[in-house]
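Keep in mind the model is a prediction, meaning the values are calculated, not measured.
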Amino acid sequence: MKNKNIILSFVGGAIAMLFIFLLWNSLTKKAEEKVQNDYYIITNQIRKMNKMVVMEQDFSSMQKTKITSQILGSTHLPSTEKEIITFTKTNAQVSYDLNKMKIEVDSINKKLIIKELPNADIRIIPSVEIQSMDDSFFNRFSDKDFQKITKSAKENAYKTVNQNRLRAEGRKQLTENLDQIFVLAKALNYTIEDQTGQINLTNL
């Protein structure tokens, strides 16, 4: 009877140990699965962002140019004036290539680390159209005149674009895209660490 009680006690202890082991193993496995799942969710959202962020602005302007020259190139003849009006359409773009962004997901310490942000790439694309021109039979616009006028109109278009403002608006759009990741990371109890010093995290 005594031996039977010892055996039952041993079996009961073994069952209890097995139950504790299975419970611990189950909890550990669930914790690991949750960590892996959270990591997948965040990294998958980052991969979705790996595309170009582009902000565009369009401008237009009219420019009147007058050119005074001698008729037939002779200084003995009176000078004449010819006038041309050009219309310039300018497309300004600022883009961020998010493939160049470096973000590290530390699933062990539950940190989302922003290591590097892409630089802004600004493109200014002007196109010049002739609206009207007033010349005479003896004082036509030459190809050289057209080249000079077109160059002047494009240079004026470059000066018209406020690149600082364009860059600031592009940065705002970039931040809005990043906010999608930050909100998700916060929901998964990740802390966000900005090593670039370029992101305002106070509102998160």
Side-chain angles (χ1 to χ4, degrees), residues 42-69 79-104 112-136 139-186 192-204:
I42 294 175
T43 53
N44 186 55
Q45 184 65 32
I46 293 172
R47 278 195 295 271
K48 286 181 180 179
M49 281 187 58
N50 282 345
K51 56 185 179 181
M52 196 75 74
V53 173
V54 180
M55 285 287 295
E56 287 187 297
Q57 291 184 353
D58 292 306
F59 306 90
S60 61
S61 62
M62 302 285 285
Q63 183 172 326
K64 182 186 290 187
T65 304
K66 292 182 179 181
I67 299 176
T68 302
S69 58
S79 61
T80 61
E81 188 176 76
K82 50 192 175 183
E83 181 180 281
I84 187 169
I85 297 175
T86 54
F87 176 69
T88 306
K89 293 186 292 185
T90 306
N91 177 257
Q93 301 176 354
V94 58
S95 61
Y96 291 90
D97 185 355
L98 297 184
N99 287 306
K100 296 178 180 178
M101 180 174 61
K102 294 181 181 178
I103 295 181
E104 179 183 324
L112 181 66
I113 306 169
I114 314 299
K115 290 183 168 290
E116 188 176 330
L117 291 176
N119 294 321
D121 179 28
I122 294 179
R123 296 181 64 199
I124 300 172
I125 310 167
S127 61
V128 181
E129 298 175 1
I130 297 173
Q131 291 293 101
S132 66
M133 56 183 179
D134 180 20
D135 58 359
S136 66
N139 194 21
R140 295 289 186 186
F141 282 100
S142 65
D143 289 340
K144 188 176 180 180
D145 290 331
F146 288 128
Q147 290 172 6
K148 185 178 179 180
I149 291 166
T150 301
K151 182 181 178 183
S152 175
K154 287 184 176 181
E155 287 175 350
N156 186 59
Y158 286 120
K159 293 175 184 177
T160 302
V161 178
N162 188 331
Q163 294 192 29
N164 289 332
R165 181 181 175 184
L166 190 65
R167 189 178 282 106
E169 292 185 4
R171 174 66 67 172
K172 182 181 177 182
Q173 181 64 46
L174 174 64
T175 303
E176 288 177 3
N177 283 39
L178 290 174
D179 280 346
Q180 298 173 19
I181 294 179
F182 297 158
V183 170
L184 176 61
K186 282 288 187 179
I192 301 164
E193 182 180 322
D194 173 32
Q195 295 183 351
T196 68
Q198 301 178 52
I199 303 173
N200 183 9
L201 301 175
T202 56
N203 295 326
L204 293 174

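- Here the closest non-hydrogen pair linking R171 and P118 is NH2-O, 4.4 Å.
- Heavy atoms only, all atoms of each residue included: R167 and Y96 are closest at O-OH, 3.6 Å.
- A donor-acceptor pair is defined here as one N or O able to donate and one able to accept, closer than 3.5 Å; such a pair exists between the side chain of D145 and the backbone of S142.
- Looking at heavy atoms from C-beta onward, K154 lies in side-chain contact with T150 at the 4.5 angstrom threshold.
- By the salt bridge (Lys or Arg N to Asp or Glu O under 4.0 Å) test, K100 pairs with no residue at all, sequence neighbours left out.
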> Could you walk me through whether L98 and L174 pass the side-chain contact (heavy atoms from CB on, under 4.5 Å) check?
Replying inline: CA-CA 9 Å; L98 297 184; L174 174 64; 3.3 Å; yes

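- Atom CD1 of residue I149 and atom OG1 of residue T65 lie 5.0 Å apart, to the nearest 0.5 angstrom.
- With sequence neighbours excluded, the residues forming a salt bridge (Lys or Arg N to Asp or Glu O under 4.0 Å) with K115 are E104, listed by chain and number.
- Rounding to the nearest 0.5 angstrom, the gap separating the CD atom in E116 from the CD1 atom in I103 is 11.0 Å.
- More than 12 heavy atoms of other shown residues, nucleotides or ligands fall within 6.0 angstrom of atom CG in N44.
- T160 contributes a side-chain N or O that, together with a main-chain N or O of N156, makes up a donor-acceptor pair within less than 3.5 Å.
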>> Q173 vs N177, test: side-chain hydrogen bond (donor to acceptor under 3.5 Å, both in side chains). Steps then yes/no.
In response: CA-CA 6 Å; Q173 181 64 46; N177 283 39; 3.1 Å; yes

